[in-house]
2 protein chains.
Amino acid sequence: MKNQSIPSPVLWRLSLYLRQLEHLATKGFEKTSSRKLAEALQTTDAQVRKDLAYFGQFGRPGVGYRVGELIGQLRHILRTDRLWKVILVGVGDLGRALLRHKSFRRNGFELIAAFDTSPELIGSSVAGVTVRPMRQLSDVVGKLEIKLAVVAVPPDVAQGVTDLLCRAGILGVLNFAPTSLHAPDGVTIRQVDLAAQLEQLSFHVGAAED
Amino acid sequence: MKNQSIPSPVLWRLSLYLRQLEHLATKGFEKTSSRKLAEALQTTDAQVRKDLAYFGQFGRPGVGYRVGELIGQLRHILRTDRLWKVILVGVGDLGRALLRHKSFRRNGFELIAAFDTSPELIGSSVAGVTVRPMRQLSDVVGKLEIKLAVVAVPPDVAQGVTDLLCRAGILGVLNFAPTSLHAPDGVTIRQVDLAAQLEQLSFHVGAAED
DNA sequence: TAGATTGTTAATCGATTAACAATC
DNA sequence: TAGATTGTTAATCGATTAACAATC
């Protein structure tokens, strides 16, 4: 229950720093600086240093940061220095794409079970994961001690599914349905609203046209 | 080039208000209030009113907001009171899911062309959209006056694709590759990083465990 | 050593919240 | 009218930026 004090923009940038550092690592760089990270992410060096300072001292004055080391430390902070088991609810087009998505695994997340209501889907297998009926959800979550879930169901059933997940013991939900979800304290919800993202673009592009 | 002064959190919430209002409309509600909207979105009534006040006066004191009317006004502000043509670059699993995704259309966006480099994919059709070779990109964007693009290619080629899109005249890019993209002034970029979303969850859930 | 870059404090900037007169 | 709710101003809160001593 600690770390309630970390501003969420900081936490979000941590993920972006990690992504950039991983990129630098694959390109063979061994060290970097707050300035170089800032340039890549279009922010300021002061902000990079301030963000990291919430969690400790990771660099050396006059030298910068060791890429591999900082990657390790960020993964530790974000708790992706282990593999999280994740379940998927809703095996529609988006759900199937997420099951096949390789980048989750690479970043410490593994979709290990999928649930749907459709009789045609139940029993079938997508990317090696068997689609199960909803009634098995609570059992699987409990037995395998799963904490995270991805919701990719139609908006009108998303809240119901979330209630079910919370009762089963899920503590983090990534929601792709375009609905604001409510959950008890202690459960974290993140929403990915694809249409909203496009709306941000149309606003800016449309405004520029005038 | 106006409206540079709207804070981006405000703009983002506009999309969330719109989503909620559309939900209320399907449930038959004809009016609502800043308080009810705030409750649904877990914010405050003052913030709802302040956000809307950036754009005009949409409610009536003592009464509230007419749902249908406010939907219209928000769509006008976000420029989704018309249909935007959008192209997709990268027809992998995620790209295919996006082509099949119905909620874009419902919100004012239509994926009308798809591009990929893979010879096996080129010429095939997904959800009624033919996959074209990259060399046709510039031509299609120019002829059909397309402003928006979705990028769903591997991270190592995402910047190159973006450069190509900008040269072709694209003004807004929704990027699904886990890479920070750079573009000239006047081009808006939005990034959707799915792994980063899960990392936010693992941070919170992991911190709660300690 | 000289140059570079950190971690951190203080100053600035911007966004959220509270309060209330105006109005339906 | 009385109760409700807006739009808006002023007060608060929080996040970003600038600056610099410490250090490699």
Side-chain angles (χ1 to χ4, degrees), chain A residues 2-17 20-21 24 29-74 76-77 180 200 203, chain B residues 2-17 20-21 24 29-74 76-77 180 200 203:
Chain A
K2 55 170 191 177
N3 284 332
Q4 295 307 61
S5 56
I6 309 295
S8 60
V10 171
L11 208 60
W12 181 252
R13 284 191 298 266
L14 246 44
S15 286
L16 304 185
Y17 300 150
Q20 177 64 15
L21 286 161
L24 291 176
F29 288 93
E30 295 196 342
K31 40 189 216 173
T32 188
S33 66
S34 56
R35 184 129 89 82
K36 285 189 195 116
L37 285 172
E39 258 166 41
L41 293 245
Q42 278 145 126
T43 177
T44 63
D45 56 339
Q47 182 154 79
V48 173
R49 294 198 299 278
K50 190 108 216 291
D51 287 348
L52 296 175
Y54 279 95
F55 301 94
Q57 308 185 156
F58 305 116
R60 276 197 285 179
V63 179
Y65 302 91
R66 294 195 51 218
V67 172
E69 201 179 294
L70 191 50
I71 287 176
Q73 272 144 343
L74 288 176
H76 180 70
I77 293 164
S180 294
Q200 308 298 298
F203 172 83
Chain B
K2 58 170 187 175
N3 283 332
Q4 295 308 59
S5 58
I6 310 295
S8 58
V10 171
L11 208 61
W12 181 251
R13 284 191 298 265
L14 245 46
S15 286
L16 303 186
Y17 300 150
Q20 177 65 16
L21 287 161
L24 291 175
F29 288 92
E30 296 197 342
K31 43 188 211 170
T32 188
S33 66
S34 56
R35 183 129 90 84
K36 285 191 196 112
L37 284 173
E39 258 164 42
L41 295 239
Q42 277 145 124
T43 176
T44 63
D45 56 338
Q47 181 154 78
V48 172
R49 294 197 301 276
K50 189 107 215 291
D51 287 348
L52 296 174
Y54 279 94
F55 301 94
Q57 308 183 156
F58 306 116
R60 276 197 284 179
V63 179
Y65 303 92
R66 295 194 50 220
V67 171
E69 202 179 294
L70 191 50
I71 288 175
Q73 272 144 340
L74 288 176
H76 180 70
I77 294 165
S180 294
Q200 308 298 299
F203 173 84

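Just so we're on the same page: letters track the sequence lines, and every chain starts at 1.
At least one side-chain heavy atom of B:Tyr54 sits under 4.5 Å from a side-chain heavy atom of B:Pro7.
With rounding to whole Å, B:Arg35 atom CZ is found 13 Å from D:dG3 atom C1'. Here C:dT6 presents its P atom at 14 Å from CZ of A:Phe58, a figure rounded to the nearest Å. Atoms CD (B:Gln57) and C1' (C:dC24) sit 14 Å apart, rounded to a whole Å. Between A:Phe55 atom CZ and C:dG7 atom C1' there is a gap of 15 Å when expressed in whole angstrom units. To the nearest angstrom, P of C:dC24 lies 15 Å from CZ of B:Arg66. Counting to the nearest Å, the C1' atom of C:dT5 and the CD atom of A:Glu39 are 14 Å from each other.
Within 4.0 Å (heavy atoms only), A:Tyr54 reaches no atom of the nucleic acid at all.
Under the 3.5 Å distance criterion, the side-chain polar atoms of A:Gln200 are matched with a main-chain donor or acceptor of B:Leu11.
For the OP1/OP2 pair of D:dT16 and a distance below 4.0 Å, the side-chain nitrogens and oxygens of A:Arg13 include at least one atom meeting the criterion. The phosphate of D:dA4 has neither OP1 nor OP2 within less than 4.0 Å of any side-chain N or O from B:Tyr65.
Across every strand in view, D:dA10 sits in a pair with C:dT17 that passes the Watson-Crick or G-U test at under 3.5 angstrom. A 3.5 Å limit on both hydrogen-bonding distances identifies D:dA4 as the Watson-Crick or G-U partner of C:dT23.
Candidate nucleotides D:dT6, C:dC24, D:dC24 were compared by shortest atom distance to the side chain of B:Ser34, and D:dT6 ranks first.
Nearer the 5' end of DNA chain D, as judged by each residue's closest nucleotide, is the contact made by A:Ser8, out of A:Ser8 and A:Arg60.
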**Pair B:Tyr65-B:Arg49, side chain to side chain contact (heavy atoms under 4.5 Å, CB included): steps then yes or no** = CA-CA 10 Å; B:Tyr65 303 92; B:Arg49 294 197 301 276; 3.6 Å; yes
**Prompt:** Taking it one step at a time, do A:Phe55 and A:Leu74 satisfy side chain to side chain contact (heavy atoms under 4.5 Å, CB included)?
**Reply:** CA-CA 9 Å; A:Phe55 301 94; A:Leu74 288 176; over 6 Å; no
**Request:** Verify side chain to side chain contact (heavy atoms under 4.5 Å, CB included) between B:Asp45 and B:Leu37, making sure each step is shown before the conclusion.
**Result:** CA-CA 7 Å; B:Asp45 56 338; B:Leu37 284 173; over 6 Å; no
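A heavy atom closer than 4.0 Å to some atom of DNA chain C occurs in A:Arg49, A:Lys50, these being the qualifying members of residues 41-53 of chain A.
Side-chain atoms of B:Ser180 and A:Gln20 form no donor-acceptor pair, as typed in the model, at a separation below 3.5 Å.
Partner of A:Gln47 under the side chain to side chain donor-acceptor pair (under 3.5 Å) criterion, out of A:Asp51, A:Thr44, A:Thr43: A:Thr43 alone.
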